[in-house]
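Take a look at the structure set out below.
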Amino acid sequence: MRNTLTEENYLKALFHLADSEYKVTVNDLSKFLNVKMPTVNNMMKKFAEKNWVIYENYKPLIISEKGMKEAALIVRKHRLTEMFLVEKMNFGWENVHEIAEQLEHVHSNMFFDKMDEILNFPTLDPHGEPIPDKDGNIIAQDLKKLSDCKTGETVTFKAVTFSDDSLLNYLNERTIHLDSELTILRIENFDQSMQVEHKGKTEILSKNATDKILVW
């Protein structure tokens, strides 16, 4: 039986929220999806029946290997779609998320396999996030948040943690894109905003932004 659209949205949320031990709290899931706690609990009981999560009252959810694979395959469809829209249809990286949200629920594996082939089997999406393979495997990235860097460091922008349109437009306005080189000039003690040099220009980045920018 095919997964419902609602189940797929829950699976994708679990994927994004999972920590290094594949744990997610029901409260975090509720906030992320903007769904009431009792509704989330009921859905997680169904997920437990499908062996996608280990569910116990008042304890964090533990996502099973089966659950992570199901989630990764939805994320694969989303990120392949975003890459196709940017690479083959010339969409801006800030304009692809909503379209991919709709297309990720198409159930034809053949459709996405052909998309993958046309794109020459990319491993990263337009936002630098890894694209799971057909088995749900993901290549690990050794990246850190820009906000964890120190004054004087020069780093390369490789990914965003969440492809929020407002963040991408914020970066577009500063002509900061993937593979941009950033030199950290100053970090404000008051609000942790960061002054960086980029292409000979100085830009101020908020803490909210530097928390979402991944570099090496």
If every non-hydrogen atom of [X] is compared with every non-hydrogen atom of [Y], which pair is closest and at what distance?
X	Y	value
Lys144	Cys149	CE-SG, 3.4 Å
Asn172	Glu94	ND2-OE1, 3.2 Å
Leu119	Phe84	CD1-N, 3.8 Å
Leu80	Pro122	CD2-CG, 4.1 Å
Leu205	Arg174	CD2-CD, 3.8 Å
Trp93	Leu168	O-CD1, 3.2 Å

*For Asn57, does the CG atom have more than 12 heavy-atom neighbours from other residues, nucleotides or ligands under 6.0 Å away?*
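Counting other residues, nucleotides and ligands, CG of Asn57 exceeds 12 neighbours.
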Below 4.5 Å, heavy atoms only, C-beta onward: do [X] and [Y] meet side chain to side chain?
X	Y	value
Gln192	Ser147	no
Val215	Glu153	no
Lys45	Asn42	yes
Lys145	Ile213	no
Tyr55	Asn41	yes
Val26	Leu61	yes

Working to the nearest 0.5 angstrom, can you tell me the gap between [X] [atom1] and [Y] [atom2]?
X	Y	atom1	atom2	answer
Lys207	Leu146	NZ	CG	10.5 Å
Thr39	Tyr10	OG1	OH	6.0 Å
Ile62	Glu56	CD1	CD	7.0 Å
Glu104	Leu73	CD	CG	12.5 Å
Thr6	Leu11	OG1	CG	11.0 Å
Lys69	Glu65	NZ	CD	8.5 Å

According to a 4.5 Å side-chain heavy-atom criterion applied to Ile, Leu, Val, Met, Phe, Trp and Tyr, with indirect links allowed, do [X] and [Y] form part of one hydrophobic cluster?
X	Y	value
Leu5	Phe32	no
Val160	Val155	yes
Met110	Met115	no
Leu214	Met194	no
Leu29	Val75	yes

*asked:* Between His78 and Lys12, does the side chain to side chain contact (heavy atoms under 4.5 Å, CB included) criterion hold? Intermediate values first, please.
replied: CA-CA 10 Å; His78 183 101; Lys12 195 172 62 164; 4.0 Å; yes
*Please test Phe157 against Leu171 for side chain to side chain contact (heavy atoms under 4.5 Å, CB included), starting from the C-alpha separation and ending with a verdict.*
CA-CA 11 Å; Phe157 174 28; Leu171 295 172; 3.9 Å; yes
_Which residue is it: His105, Glu70, His107? I am looking for the one with a side-chain hydrogen bond (donor to acceptor under 3.5 Å, both in side chains) to Asn3._
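Single pass found, and it is Glu70.
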Quick one: does any side-chain atom of [X] pair with a main-chain N or O of [Y] as donor and acceptor, under 3.5 Å?
X	Y	answer
Asp116	Phe112	no
Thr156	Glu181	no
Asn169	Asp165	yes
Lys77	Val106	yes
Tyr170	Ser206	yes

Between [X] and [Y], does at least one N-O distance fall below 4.0 Å, as a salt bridge requires?
X	Y	answer
Lys50	Glu7	yes
Arg79	Glu82	no
Arg76	Asp135	no

*Does the pair Leu124 and Leu178 meet the rule for a side chain to side chain contact (heavy atoms under 4.5 Å, CB included), with working shown?*
CA-CA 11 Å; Leu124 300 174; Leu178 295 187; over 6 Å; no
Run the side-chain donor-acceptor check on residues 182-189: report pairs under 3.5 Å with partners two or more places apart or on a different chain.
unit_1, atom_1, unit_2, atom_2, d
Thr183, OG1, Thr154, OG1, 2.9
Arg186, NE, Glu188, OE2, 2.8

_Asp191-Ser193 side chain donor-acceptor pair, cut-off 3.5 Å_ =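 Yes, because at least one side-chain N or O of Asp191 sits under 3.5 Å from a partner of the opposite role on Ser193.
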*Evaluation steps, side chain to side chain contact (heavy atoms under 4.5 Å, CB included), between Ile63 and Phe15*: CA-CA 9 Å; Ile63 309 167; Phe15 180 94; over 6 Å; no
